[in-house]
Every structure is written in C-alpha cells, then in structure tokens.
2 protein chains.
Amino acid sequence: MISCLLVEDQTLVRLGLANLLNLSDVICVEGQAENGEEALNQLEQRDFDVMLLDMRMPVLDGLGVLRALQNSTKCAPPILIITTFEDCEVLVSAMALGAKGYVLKNIELEELIESIKQIVAGRKVLQPALTDYLLQKQISPQIELTEKERQVLTCLSLGMANKTIARNLHNSEGTIRNHVSHILAKLEVQDRTQAVLKAIELGLV
Amino acid sequence: MISCLLVEDQTLVRLGLANLLNLSDVICVEGQAENGEEALNQLEQRDFDVMLLDMRMPVLDGLGVLRALQNSTKCAPPILIITTFEDCEVLVSAMALGAKGYVLKNIELEELIESIKQIVAGRKVLQPALTDYLLQKQISPQIELTEKERQVLTCLSLGMANKTIARNLHNSEGTIRNHVSHILAKLEVQDRTQAVLKAIELGLV
DNA sequence: TTTTCGCTATGACATCTGTCACTGTTTTTG
DNA sequence: CAAAAACAGTGACAGATGTCATAGCGAAAA
C-alpha cells in the first residue's frame, strides 16, 4: 500500500480525488493539505511514500513547496505534479526544483495510479502531451525584447494609446512609436492589436 | 433523488465529484460529459433535474452551452455553474445567458449539495465570495451585441484589420468601420485593442 | 579603444482608424 | 400597420498608427 500526501486547494477536487485513489487497492491517501504551508506541516509530522502536488494554490504554491524542500535537510518523498494545461509554464521550474514528474488533471484514473507507482519506484513521469507542448514552446524562436520594449508591450496590453504610453513612461510620442515599431517586428505582427494577442498567447505579459 | 448532469472536462475532477455526490442520499449523477457538445447530446437523450456546468472546456465551453440552449426550443434543466476564481470573469455573461447560479470549485461538499437543492427548487445561488468580487470589479451591465457585431468582434480578436474583415465578411470597408464603431461604443472603449481586451475579459469571444 | 547596443528624439510620409451624417432595404416587434 | 432594429453603404474628416532615415548620448562588450 502506497501512502500518499495529496496537496490541492480546491476542496471538491481534493476530496473527490482522495476518494477515487482510496478505492484502488494500492494507494491510500493518508494526508491532505489545501495549501503549501499545510503540506510542509504534514511532512514534518510523518512520512509519506509520495506527494501529489498542485501548482496553483493560495498561501504557498507548488513552486514554493519545492523550494522549501530543497532548502530543508529533511528527506522529502518523491513528488508528482498534478496540474492543468493552463499552469504548465512553471513545469520546467518545477522539474528543476526536484519534482519527479508531471501529469495533467484530466488524466485517466488508471493512468494516474500507474504514474504514482512509477514515481514511487524511483522513475520519472513526464506526460507526453505536456512535454510536447513545452518542447514546442522552447523551439519556437525565443523573442528577446529589451527592458523598455517590455514596458511598452505591457502598456500596449493594457490598451493604451501611444500618447498615453508616452505620458506614462515620460517619453515623446515619437520614441514610443519607434519602440512599438520594433516590438511589431520582433513579434512578427502587423499592428498593436496582433501584438497584444501574441503577447498574451506567449505569456509575455 | 435529484438527477444530475455533470459537465466537466478534467476526468479526475469529474469522476471524483460524481463519486462524492453519489455518496449523498439526495443527489444522483446520472449523466456525465467532458465538453459542451457531449452535454448537449446527453440533454437530447433524456431529462435531468439540474446541470452542473464547468466554464472552461475544450470543443464547446460553458458559455457555448448556454448560448446553444437559449437558441433551442427544448426545455433545459436549471444550470449551476461550477467554476474557479480565475474564470469568474465570464459569470456575468453566464447569468445573462440563463444560468441559475454559480459556485466556486473550492466550495465545501455540504454547501454544494445545499446549493443544488436550492437550484432545483427554482431559486438562484450566487456565492457571496464571487458576487463580491464581481461587484468590486464593477462589471458593466450586460453587453448586447448584434449577430453581425459579434462576428466583427471575433475578427477583431483574431487581429484582423478592417480591410481584411471586409474581405472575410463580404462587406465594404466602410460598413465594417461602422460596425467597429458601434462595438466600441457598446463596450465603452476607445479603440479596437481595448475592445479585444475587454472581449477576452468578458468572455465574449 | 573601437564597436555595438539600447535609449532617446525629430520630421516626413502613407496608411489605418474611428466618427459623423445621411440614405437606403429588410426584418422584427409592438 | 407603424415603429424600431439590424444591416449595408457612401463620403468626408481628424487624428492615430506605423515606417523610415537620421542622429546624439551613454554604457557595455570586444
């Protein structure tokens, strides 16, 4: 029987998932936490075979937990990240911080149980759908904006006009126009609206 | 016994929640769907007392389902939106489209069951935490766009120029300009970029 | 040191954008 | 039916937007 610490802020999701896992004959959710701090407390008090960790949480999020464990002397259980597609940007950081694998919340139950077994056995679990996505993002030519350009882009995605941006950043309107022009070129788009859309898509803002 | 259709894309969450609800002695999850289209299919085939509807889904999202039901002659069950704090911007649209209430996914189980009973009894359920947030955001009164305006707005949020939109929708550029002008007025913004941002924020696209 | 790069700035230019007024047709609604 | 919308269009206009060439300044890199 694999003892498991489940860390997830949404009550319904946590209870539901715990229930499902407990119905299996190999996994037993023996600890639950609804944020990172609680998780760390639970780890203080007893040992687990594995920790299922959500990324987005109040108080202390998934990355926070991983950081805390790295700086701690205590020997933590292997960690499987359970996250949504929307939050997958932080996965690279999570893996760098010592997580042993990641799966999407919309994974099938059977597959999740299999993943947990793999993690406990010391192997890594990288769900293909996510890996593909991350690789594709990395392959996509990285857009390098200067500090000023980033500022202007932020203003753009707040819907500001050139004149307004100029006032905000204490520049002439002409200067801002130049920056905008460079941003459009770097993002390979034709106008500010497309720039904002692309920036949102790429998570630049 | 209340028969319930549960619409939620994340498999684990859906199964877990169904399980929890079925453990109660008043609610029975008799249908499940992992996207809006499946939900509509299920509604075709049989009746339910209530539908629990997630907002963010692939294929056809929550708003899409509500729109489809509004344009349909069929008598749909009352709908309770179950969503996350992050997606709550679209709730105003959802309510305008006929949803009967909304709760957060991190609601307590007891409270959720109580909410479902209220909905089935014909009352509305507006979870205070969300209502407060929305009021604080001073969400403007429901924005009513015409069909054509919606089409143009969609084009706008794809980053199209007026000329491109005109070609796409088979209109003169002047006509498109007029439509854009009306959209800006209705959204109470100054230019197309702000319109796109607001449209995204309000879930109009 | 020389070069490169980021930032600032200006002026000119073509084009795009949004507003307004006004004219119609068609469809919906009271 | 009559009024009200939605839809399509035109022409004119002011202002916003984006491009380009050019140039000075300071800091960092070669």
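On a predicted model such as this, the values are computed, not experimentally measured, just so you know. So that the names make sense, note that chain A is the first sequence line, chain B the second, and so on, each numbered from 1. As a basis for the values below, the full set of heavy atoms in this structure was taken, side chains included, without hydrogen atoms, waters or symmetry mates.
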Do A/I113 and A/L21 have side-chain heavy atoms sitting under 4.5 Å apart?
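The answer is yes; the side chains approach within 4.5 Å.
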Check: A/N19 and B/L20 side chains under 4.5 Å, non-hydrogen atoms:
yes
What is the distance, rounded to the nearest whole Å, between atom [atom1] of [X] and atom [atom2] of [N]?
X      : N      : atom1 : atom2 : value
A/K186 : D/dG18 : NZ    : C1'   : 17 Å
B/L169 : D/dA6  : CG    : C1'   : 15 Å
B/K148 : C/dT25 : NZ    : C1'   : 15 Å
A/Q151 : C/dC7  : CD    : P     : 8 Å
B/H170 : D/dG9  : NE2   : C1'   : 17 Å
A/I183 : D/dT17 : CD1   : P     : 13 Å
B/E149 : D/dA8  : CD    : P     : 11 Å

Within the structure, does a side-chain N or O atom of [X] lie under 4.0 Å from either OP1 or OP2 of [N]?
X      : N     : result
A/N171 : C/dC7 : no
A/H179 : C/dG6 : no
A/T175 : C/dA9 : yes

So, A/E38 and A/Q42: side-chain donor and acceptor under 3.5 Å apart, yes or no?
no
Sorted by chain and number, sequence neighbours left out, salt bridge (Lys or Arg N to Asp or Glu O under 4.0 Å) with A/E149 holds for A/K186
Sugar-phosphate or base contact per nucleotide [nucleotides 23-30 of chain D; S, B, -; heavy atom under 4.0 Å]
--------
Taking protein heavy atoms under 4.0 Å as touching, what does nucleotides 15-21 of chain C look like 5' to 3' if B marks base contact, S marks sugar-phosphate-only contact and - marks none?
-SBBBB-
Pair A/R14 + A/D54: basic N to acidic O under 4.0 Å:
no
Proximity to the side chain of B/S172 - top-ranked nucleotide from C/dT8, D/dG9, D/dC7
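Nucleotide nearest to B/S172's side chain: D/dG9.
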Rounded distance (nearest 0.5 Å) linking atom [atom1] of [X] with atom [atom2] of [Y]:
X      : Y      : atom1 : atom2 : value
B/R177 : B/N171 : CZ    : CG    : 13.0 Å
B/I2   : B/C28  : CD1   : SG    : 10.5 Å
A/I107 : A/L112 : CD1   : CG    : 5.5 Å
B/D61  : B/L66  : CG    : CG    : 9.0 Å

